[in-house]
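Input: a single structure, listed below in structure tokens.
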Amino acid sequence: MKTFAQDIRREEMAKQDVAATRISRTVGIGLTVCFFAVLFGVPLLQLFVDRAKYKSGESLDNVSGGAKLFSSVKDACTETMSSAVQSKSDRLVLFNRLLNRNISRYENGLAEASFMTDVLLPPAQFVNTYLLGIGNEKVYTGSGGWLYYRDDVDFVTVHGFMEPGVQKKRRDSGKAWDAAIEPDPFPAIVEFRDYLRTKGIDLILLPVPVKPSVHPEHLGWLLRKQKEMVNNPSAADFRKRAGELGIECIFLDDLMSALKNESQKPLYLLTDTHWRPEAMSAVAGYLAGILKARYEPEAYRAYETLKVEMYNEGDTARMIKLPECGQGYAKEKVLIETVLSADDQLPWQADKRSEILFLGDSFANIYSQQSLGWGMNAGLCEQVSRFMEAPVDRIIRNDDGAFATREILRDELGADKDRLKGKRVVIWEFSERELLYGNWEKMMFESANAQK
Amino acid sequence: MYFLIPRRMRNLLLVLLSYVFYGWANASFVLILLLSTVIDYLVGIALVAGFNRGADGSEPILDPNVPRTRRQKTLIIVSIVANLSLLGFFKYFNFFIDNVSTVLQAAGLADSALDSVIRVTLPLGISFYTFQSMSYTIDVYRGYATPLRNFIDFTCFVSMFPQLVAGPIIRFKEVADQLVNRAVTLSKFSRGIAFFTIGLAKKVLLANPCGKVADTVFGAATATSLDAWYGAIAYAFQIYFDFSGYSDMAVGLGLMLGFVFAKNFDQPYRARSVTEFWRKWHISLSTWLKDYLYIPLGGNKVSPARTYFNIMTVMLLGGFWHGAAWNFIAWGFLHGTLLCAERLHGKQGFFSRLPDPMKIALTFIAILVTWVFFRSDSLSSAIEYLGRMSCVSGFGSGSGLVGALIYRPYYLIAMAVAALVIWRGRCSWDWTRELTARRSAVVMALFLLTIVVLSAQEYNPFIYFIF
């Protein structure tokens, strides 16, 4: 192939440089063999482990990685052909989106099933946590054994969630095959508030502060004297806007601050994202006082409590993924107050006849849902009920506080289960971090209602 | 598989694998890549249509001294317009709409942003392969290269996966011979392993932790001046190791496949001036801009005023090439200004008489400031960040939260090692030239360490993928 003659250029210099590489044959072979050993060894090992797991009955999956990839493509084709989309160009677009989604899932599946990750991650995490002091992608390590969920820390450090630039970035982010995220909380809140108003029901928001907001002092040596709470820069804007729109909110900053100063004790669990029972009870008492004053219960019901000691490993400690054989983070001890009906000593249960409907996330569920490991029947709704001496109805879903419980409510309303019958107030509790990370899509309650 | 099949089939295999690789991110992207490839392939052939082959049967090459015909001029315009149109639409459509929307809203002609207009997804690496493909047709037009009749070979040149999504921008002349005739030797392959490993280590062990620091500081609502400087330096380190790491991996993979790609980074933070910096940073892009834009504009063979104009034009367009946003244009503007200032200052000026360490330090600081524009989400946030760096906002402002996150042992160690490698370490090309048993052991240890660290990190794409 003829090329125009040029002075010696950098590509010629590169060729000369490569030609001048000095390496002995033995070293070259050794290096190449080692490289290929690692390169091919990992997938071969994975294959061997997958087969062993299948043979031992530990896994029911006998499909090879290549076959799974082929299935991803095939499934995208099948789903496209069976869709209601008519035009060819739309079908192509749909196929592309489904294929991208399936490939992403395939990759995630590989990562989750990776034997090498299972083996290497715990010791790597040990080094990261104890020697390098960084935690991992999900957790920051603090002083004195404190652990912080990264999203919570980011919530109090990054730009305000109400800033147009931040909301635009969130709106433009996300996978092409997923529905677009709605970052602005107010349209959804106003929609919900207005819908409830048509039924004569009040809406009260209860955003719960994230742990670094209340306890920044353990994040690092530089903050050890930090007494004041910290918050996202848009916190004040949010309050102001809520006020302008007539949205009722109960903010817990002052209560938490007073409680922290009084007790001089942690209000949040050391190795968990959630609050301690004492803080939760204080909030419950405060909320109950407000509700009782405004919505005098038609009938009172007496409750009793039973103190139970619980020991558990926090969710952030589990996220660190330390080796099981190592020291790890010690289990924390809490004293929960299980709520029982005074009449029959049976554990507290939500009552759909109650005038109060509580929508909550894991902050409401911790100490209530047994699977979280911190006890049961001692959660936020139970305590509110106990303090009010009245039953409470609830819809609780861990995580996705921005939309999950509204979605459940909407679906129940659409399925002819009128959860709002007899209700006077809905308390919508969510973690404050949802204001930055949540998907605040509208629920189209009116349409759901019309489907009945 | 590559080494088991006949040599003539290897390019086909490379093409197939490269298209699968490219389509993995988004299957529709391959259509755009294919379109650009087909257009330039046909233009290349058409440019020499009617010319006789050489006496040895080789493809005709245009004489650089003979004026081009109208048909040839039309063809090259078609290639350039087609590639720039693809690039312009996919990369700059959203920017155009956003700015029109802003203007209309400011003028009161629109109540809200033009949200109903479609948003275009940016195909990975489009800035790289359109430039690469254009360089082929321009070189054929100029008579610097003969066209490639074999479509598979040409597709292989454009889509070769090692350098497809983030460069280096390969000139056709560099690989023309290698496309049809390349050898993989043990020394070449071994050196390729070394390059690949070093590149991967740069990305995983240095770029990623520095990137975490940079992300925290640049994403923070408040930070002290110290934090701001630390964050800016972290970004400077991140972008260097991220990009040079990718280039090393591309060079390494190329060597393993038998290709030799030229050096793309030559210890740029040791530059003693911004002019020198651009001879050491992203060399494939700076030489592309020089050969295909700066020199055709007249380069420095024209009046001083016109030379400065040429420099500013190239740097502004270079900034715009990096990203469809005003902060990238500002970045280009700053570099253009610095280059012009250095040219104006001349070799006898005060700066030239400073000792080298001081020149290197001052040059690094100047580059650092420009990186703030490169990293920031917008022009306003870049200016705000510079305000923090310059202590205008108060040396101690900030809640201390950011400091608690970024001055952790891991990040401090990574930054220190990064600094050592940058200012005391050897260039990858120099270090891998002689692979002793000890160095080879270091390479393998580095490879294993990188894999272990990768297992503990979440997905962290290369920065230059977004260009």
Side-chain angles (χ1 to χ4, degrees), chain A residues 1-4 6 9-11 13-15 17-18 20-25 27-32 34-35 38 42 96 99-100 103 114 116-117 120-121 124-125 128 131-134 136-137 140 153-154 156-160 165 169 172 176 212 216 219-223 226 230 232-233, chain B residues 24 26-28 54 58-59 61 64 119 121 143-146 171 173-174 176-177 180 186-191 193 216 219-221 255 260-263 283 377-378 399-405 408-411 429 432-437 440 443-444 447-448 451-453 455-458:
Chain A
M1 180 71 58
K2 255 207 291 197
T3 59
F4 183 77
Q6 298 278 327
R9 297 165 67 91
R10 55 192 196 93
E11 51 267 26
M13 289 169 63
K15 284 178 185 169
D17 195 308
V18 168
T21 305
R22 291 195 298 279
I23 180 169
S24 74
R25 190 173 165 75
V27 171
I29 291 171
L31 189 59
T32 306
C34 287
F35 181 74
V38 174
V42 172
N96 185 55
L99 182 62
N100 294 338
I103 287 175
S114 169
M116 290 301 294
T117 302
L120 294 174
L121 189 59
Q125 277 308 117
N128 282 346
L131 297 179
L132 300 176
I134 52 164
N136 66 3
E137 305 294 337
Y140 278 112
V153 176
D154 289 347
V156 296
T157 55
V158 300
H159 290 273
K169 209 171 171 185
D172 292 344
L219 255 176
W221 180 81
L222 288 167
L223 291 164
Q226 177 80 23
V230 295
N232 184 278
Chain B
W24 195 265
N26 190 322
S28 59
S58 57
E59 291 295 331
I61 183 166
R119 303 297 288 181
T121 305
Y144 292 170
T146 54
R171 304 288 189 89
K173 296 188 298 295
E174 287 181 38
D177 288 341
V180 289
L186 183 62
S187 65
K188 222 172 173 178
F189 195 90
S190 304
R191 196 157 180 199
I193 293 172
T216 302
L255 284 170
V260 178
F261 301 144
K263 190 189 287 190
I283 302 169
D377 292 333
S378 65
S399 63
L401 272 170
V402 172
L405 303 177
R408 294 180 174 233
Y410 178 50
Y411 299 131
W429 284 82
T432 59
R433 195 172 295 121
E434 183 175 0
L435 286 170
T436 59
S440 300
V443 166
M444 278 325 297
F447 190 49
L448 291 170
I451 288 172
V452 171
V453 173
S455 70
Q457 287 181 358
E458 65 183 8

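Every chain is numbered from 1 and lettered A, B, ... according to where its sequence line falls, protein lines coming before strand lines.
For B:Thr436, the part sitting under 4.5 Å from any heavy atom of chain A is the backbone (N, CA, C, O) and nothing else. Looking at B:Ile283, both its backbone and its side chain come within 4.5 Å of chain A, counting heavy atoms on both sides. Within the 4.5 angstrom heavy-atom criterion, only side-chain atoms of A:Asn100, from C-beta onward, approach chain B. No part of A:Asp154 comes within reach of chain B, as not one of its non-hydrogen atoms sits under 4.5 angstrom from that chain. Using a 4.5 Å cut-off between heavy atoms, A:Val153 touches chain B through its side chain atoms alone. Of the atoms belonging to B:Ser378, not a single heavy atom falls under 4.5 Å from chain A.
In this structure, B:Thr216 and A:Thr157 have side chains that are not in contact, with every pair of non-hydrogen atoms separated by 4.5 Å or more. A heavy-atom distance below 4.5 Å is found between the side chains of B:Lys188 and B:Val260. Within the 4.5 Å cutoff, the side chain of A:Leu219 has heavy atoms near those of the B:Leu405 side chain.
Using a 30° and 60° split on the angle between ring planes, B:Phe189 and A:Phe35 fall in the perpendicular class, above 60°.
Of the listed residues (B:Thr432, B:Asp377, B:Val452, B:Asn26), the greatest number of heavy-atom pairs within a distance under 4.5 Å of chain A belongs to B:Asn26. Annotation: maximal heavy-atom pairing with chain B below 4.5 Å, among A:Leu31, A:Ile29, A:Leu120, occurs at A:Leu31. Interface check for chain B: of the options A:Leu99, A:Thr117, A:Leu121, the most heavy-atom pairs under 4.5 Å are formed by A:Leu121. Contact count versus chain B (heavy atoms, under 4.5 Å) is highest, among A:Thr32, A:Ile134, A:Asn232, A:Val27, for A:Ile134.
Judged by distance alone, the side chain of A:Arg10 and the main-chain N or O of B:Lys263 form a donor-acceptor pair under 3.5 Å. A distance-only check finds no donor-acceptor pair linking the side chain of B:Arg191 to the backbone of A:Arg22 [under 3.5 Å].
A pairwise comparison of heavy atoms in B:Ala262 and A:Ala14 identifies CA-CB, 3.7 Å as the closest pair.
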